[in-house]
Amino acid sequence: MMDQFPSLSALRAFEASARHLSMTTAARELHVTPGAVSLQVRDLETALGVRLFDRRARGLTLTAAGADYFATLRTAFRLVREATAALTMRARDTVLTVTCTAGFATHWLVPRLMRFEQAHPEIDLRISASHRVMDFQRDGIDIAIRHGLGGYEGLASERLLDDEYVPVCTPEIAATLGPSPTADALAGLILIHDVYRRDWQLWLEAAGATKVDATRGPIFTDGTGAYHAMKAGLGIALMRRSFIEKELAEGTIVAPFPLGLASALAYHLVYPTTALERPAVAAFRAWLLSEAPQATPSA
């Protein structure tokens, strides 16, 4: 009787070789060389004190002892594979990976997440905040919030948040503008820009401003930097209204001008068409849509 359990690599080499009756095919499956498989099988035979294969010019055949051993190992490996698949599936069902921009995560998603956590404590939510458009299958993404026109080929898409840009600043800066200011009053303030957009020029044109240079002021690489500069009192920034509704209501920031700049772009909830078969994805989608009641399906 053996004092030690046979090595797992040797057992795998034997099981694959017996299943294919070919050490070359087994080697391809196990991503090793045929010589390595042959050595592992011989080591197993030596350790067991039993010949498992008859090696002939035309290939391998199992001995009687090898056939009995293979039948037992085949069942054991199948049970291990099934148990592993069941375990990983259970873990997968509770993990939800979401991708969105850093701005959306910071200003809209994170402030609301406590309500999702309270409603679904069993779901392990993982957020990838990045401007990079990620691939669902390659990057292991379950659901995405993407900024654009919608209509993503091969994916389900629902319009989540419309874009309307509004000039905002601290109450202290708003006070310097006086009551009911015109757009030309911005000539005396620092305009804070997002490098990816020409929104200030478009807003000033829509507001009828003639005395404001739309190109002046610091430029930030994303909306989050512009937001923090505005909160620090540097100047006035154009922000998405949906990102700042709570702060506007609380009065911590102010929108001195009623005019908003509408955009054809919007935030869309995007996912593979089969994703809602997973309860975690379906729950997160339902929660997002409930948090953004204006959301509507899009093509």
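Not measured: the values here are computed from a predicted model. In this chain, residues are counted from 1 in sequence order.
- Within the structure, ring-ring contact (aromatic ring centres under 6.0 Å, His included) contacts touching residues 26-75 (residues at least two apart or in different chains) are F14-F53, F14-Y69.
- Atoms CE and CD1, from M230 and I190 in turn, are 14.0 Å apart once rounded to the nearest 0.5 Å.
- Under the 4.5 Å side-chain criterion, counting only non-hydrogen atoms from C-beta, V212 is in contact with R216.
- Of the possible polar contacts, none joining the R241 side chain to the D162 backbone as a donor-acceptor pair under 3.5 Å is found.
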Are I145 and L161 close enough, and set up right, to give a side-chain contact (heavy atoms from CB on, under 4.5 Å), and what steps lead you there?
CA-CA 10 Å; I145 295 96; L161 290 174; over 6 Å; no
Begin from the C-alpha positions of F136 and L155 and carry the test side-chain contact (heavy atoms from CB on, under 4.5 Å) through to its verdict.
CA-CA 10 Å; F136 286 92; L155 299 168; 3.6 Å; yes
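- Note that the CZ atom of R78 and the CG atom of L73 stand 13.0 Å from one another [nearest 0.5 Å].
- Across all non-hydrogen atoms, the minimal contact from V37 to S17 is CG1-OG, 3.3 Å.
- Within 6.0 Å of the CZ atom in R19, the count of heavy atoms belonging to other residues, nucleotides or ligands exceeds 12.
- How far CG of L191 is from CG of D213: 8.0 Å, rounded to the nearest 0.5 Å.
- Residues T99 and D139 are not in side-chain contact: their nearest non-hydrogen atoms beyond the backbone lie 4.5 Å or more apart.
- Aromatic ring centres of F104 and H147 lie farther apart than the 6.0 Å criterion allows.
- You'll find the side chain of H120 reaches within 4.5 Å of the side chain of E122, heavy atoms only.
- Atoms CG and OH, from L265 and Y267 in turn, are 9.5 Å apart once rounded to the nearest 0.5 Å.
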Test side-chain contact (heavy atoms from CB on, under 4.5 Å) on H20 and R28; report intermediate values, then the result.
CA-CA 11 Å; H20 296 293; R28 284 198 296 267; over 6 Å; no
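- Rounding to the nearest 0.5 Å gives a distance of 9.0 Å between CZ of F284 and CD1 of I123.
- Hydrophobic clustering (side-chain heavy atoms under 4.5 Å, transitive across Ile, Leu, Val, Met, Phe, Trp, Tyr) groups V32 together with L8.
- In this structure, T75 contributes its side chain and A71 its backbone to a donor-acceptor pair below 3.5 Å.
- The heavy-atom pair separating G251 from V254 by the smallest distance is O-CG2, 4.5 Å.
- Looking only at distances, no side-chain donor or acceptor of D142 sits under 3.5 Å from a matching main-chain atom of V281.
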Before giving the answer on side-chain contact (heavy atoms from CB on, under 4.5 Å), spell out for E45 and T63 the whole-Å C-alpha distance, their side-chain angles and the decisive distance to 0.1 Å.
CA-CA 12 Å; E45 289 177 319; T63 64; over 6 Å; no
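- Between G235 and I173, the closest heavy-atom pair is O-CD1, 3.7 Å.
- The shortest non-hydrogen separation linking A10 to L44 is O-CD2, 4.0 Å.
- Side-chain atoms of E247 and M239, non-hydrogen and from C-beta on, never get closer than 4.5 Å to each other.
- In Q137, the CD atom is not crowded: 12 or fewer heavy atoms of neighbouring residues, nucleotides or ligands sit closer than 6.0 Å.
- Side chains of R240 and Y165: a donor on one and an acceptor on the other come within 3.5 Å.
- For the pair L238/D194, no side-chain contact is recorded, criterion being any heavy-atom separation below 4.5 Å from C-beta on.
- Nearest heavy atoms, A174 versus C169: N-SG, 3.6 Å.
- Under the 4.5 Å side-chain criterion, counting only non-hydrogen atoms from C-beta, L21 is not in contact with T61.
- Taking hydrophobic clusters as Ile, Leu, Val, Met, Phe, Trp and Tyr residues chained together by side-chain heavy-atom distances below 4.5 Å, L48 does not share a cluster with L39.
- You'll find the side chain of L202 reaches within 4.5 Å of the side chain of E205, heavy atoms only.
- Under the 6.0 Å distance and 45° angle rule, R285 does not count as a cation-pi partner of Y271.
- Below 30°, between 30° and 60°, or above 60°: for Y227 and H107 the angle between ring planes is above 60°, a perpendicular geometry.
- Atoms CZ and CG, on F116 and L109 in that order, are 9.5 Å from each other to the nearest 0.5 Å.
- Aromatic rings from W203 and F257 are positioned such that their centres are separated by under 6.0 Å.
- Within the 3.5 Å criterion, the main-chain N or O of P34 finds no donor-acceptor partner in the side chain of S38.
- In terms of heavy atoms, A65 sits closest to V50 at CB-CG1, 3.5 Å.
- Side-chain contact check for W108 versus T101: every heavy-atom pair is 4.5 Å or farther apart.
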